[in-house]
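All values reported here derive from a predicted model rather than from experimental measurement.
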Amino acid sequence: MTRWRRPAWWSVLLTVAAAALFVRLGVWQLHRADYKDSLMRRYAAAAAAAPVPFGQVAAAPPADAFPRVAVTGRYLGDRIFLLDNPHHDARGGVEAYVPLELAGQPRLLLVDLGFLPGTGSDKAPQLPPLPLSDVRLHGLYLPPPGVGLELGGDALTSQSHWPKTTIYLDLAQVAKDLGRPLYPRVLALDADPASIYQRVHAFDFSSMPPARHRAYAFQWFSFAVAVLVIFAILHRKRRPRRTDNR
């Protein structure tokens, strides 16, 4: 017959604290998975929506949405920035950004032209010329790509020739380099079959997709159950079995 031993108060406290922590971590992972699912749904909905005039969202874009906009301006085609080696292609490559000047506006809009695959060498891909006249553009008004770890400081100021190459894109540094303020987001142009640029603008969740968050949540919940099971095993005792004396 199994009887339970009275546990020490500290063992109960530790068990409850550990189980609660593991459950909290599991719930947090589920929330992250739901957030990323929601982000991808909103992104897909925005890509299929009709464009709105850029002026409606230019200075104060909605925090939880990615509006598709239409804007007219003139490229500053001699001021191209290349984001080196984004994760689109196994060979590497560059994402090309160029400022767009809007009539009568002091701010410049940084336009994401798209991705050009690497050439297999240290040389940047050949960039096609941009129109000199006004262009009407459509695309998603997106937050700039993450800055990441800024090793070596501002790489733009040390370069004297264009296009300039950087391993991260910091809008404040780009604005400083251009000598003009920028809008708070970038325009990621719609896909165009006639363009040599690859325009697959999507959130890169390859390292931590929603499914992996849910797998981690299951793992944390399993830890919580394991803690309770271990507690139960350690605090039970068995009566010695009676033996028949003959």
Side-chain angles (χ1 to χ4, degrees), residues 1-49 61-67 83-93 95 112 115 140-153 166-172 184-186 188 198 200-243:
M1 179 179 179
T2 301
R3 299 182 63 185
W4 297 101
R5 294 184 295 155
R6 182 183 296 274
W9 67 268
W10 55 265
S11 65
V12 175
L13 182 62
L14 287 178
T15 300
V16 171
L21 175 62
F22 292 147
V23 169
R24 180 68 186 89
L25 290 172
V27 170
W28 180 80
Q29 290 287 357
L30 291 179
H31 286 167
R32 290 297 299 168
D34 292 342
Y35 169 75
K36 288 185 177 181
D37 279 336
S38 173
L39 203 62
M40 290 188 290
R41 286 194 299 269
R42 295 200 306 267
Y43 191 95
D64 59 347
F66 315 105
L83 180 60
D84 190 26
N85 198 24
H87 303 293
H88 290 292
D89 189 277
R91 295 175 300 167
E95 194 88 12
D112 182 356
F115 173 75
L140 295 179
Y141 193 37
L142 301 178
V147 171
L149 185 62
E150 299 184 10
L151 296 175
T166 180
I167 59 173
Y168 59 85
L169 192 72
D170 187 320
L171 290 189
R185 290 187 177 184
V186 302
Q198 299 176 15
V200 184
H201 303 296
F203 291 100
D204 183 12
F205 293 146
S206 56
S207 61
M208 187 62 73
R212 184 168 296 181
H213 281 291
R214 294 189 174 94
Y216 282 138
F218 176 79
Q219 186 179 60
W220 287 121
F221 292 143
S222 298
F223 288 163
V225 172
V227 166
L228 297 177
V229 170
I230 292 172
F231 178 85
I233 292 175
L234 292 177
H235 290 86
R236 70 174 185 174
K237 65 179 180 179
R238 293 182 177 274
R239 284 184 175 179
R241 292 184 180 180
R242 293 181 179 178
T243 57

Heavy-atom pair of closest approach, residues [X] and [Y]:
X	Y	value
Gly26	Ala217	O-CB, 3.3 Å
Pro143	Arg185	N-CD, 3.7 Å
Pro184	Leu171	O-CD1, 3.5 Å
Glu95	Phe115	OE1-CB, 3.3 Å

task = Go through the structure and list residues passing side chain to side chain donor-acceptor pair (under 3.5 Å) with Arg214, not counting sequence neighbours.
result = Asp34, Asp37
task = Quick one: list whatever passes side chain to side chain donor-acceptor pair (under 3.5 Å) with Ser222, sequence neighbours left out.
result =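 Side chain to side chain donor-acceptor pair (under 3.5 Å) list for Ser222, sorted by chain: empty.
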inquiry  = Do Tyr141 and Pro62 have side chains that approach each other closer than 4.5 Å (heavy atoms only, starting at C-beta)?
reply    = no
query = Would a 4.5 Å heavy-atom cut-off, applied to side chains only, mark Leu83 and Asp112 as touching?
reply = no
Distance in Å, Tyr216 OH paired with Phe221 CZ, rounded so as to fall on 0.5 Å steps =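 The CZ atom of Phe221 is 15.5 Å from OH of Tyr216, to the nearest 0.5 Å.
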ask   = Say you draw a straight line from CH2 of Trp28 to OH of Tyr35; how long is it, rounded to the nearest 0.5 Å?
value =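 It is 12.0 Å, given to the nearest 0.5 Å.
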In residues 10-25, what donor-acceptor pairs under 3.5 Å come from side-chain atoms, sequence neighbours left out?
residue	atom	partner	partner atom	Å
Ser11	OG	Ala8	N	3.4
Ser11	OG	Ala8	O	2.7
Thr15	OG1	Ser11	O	2.7

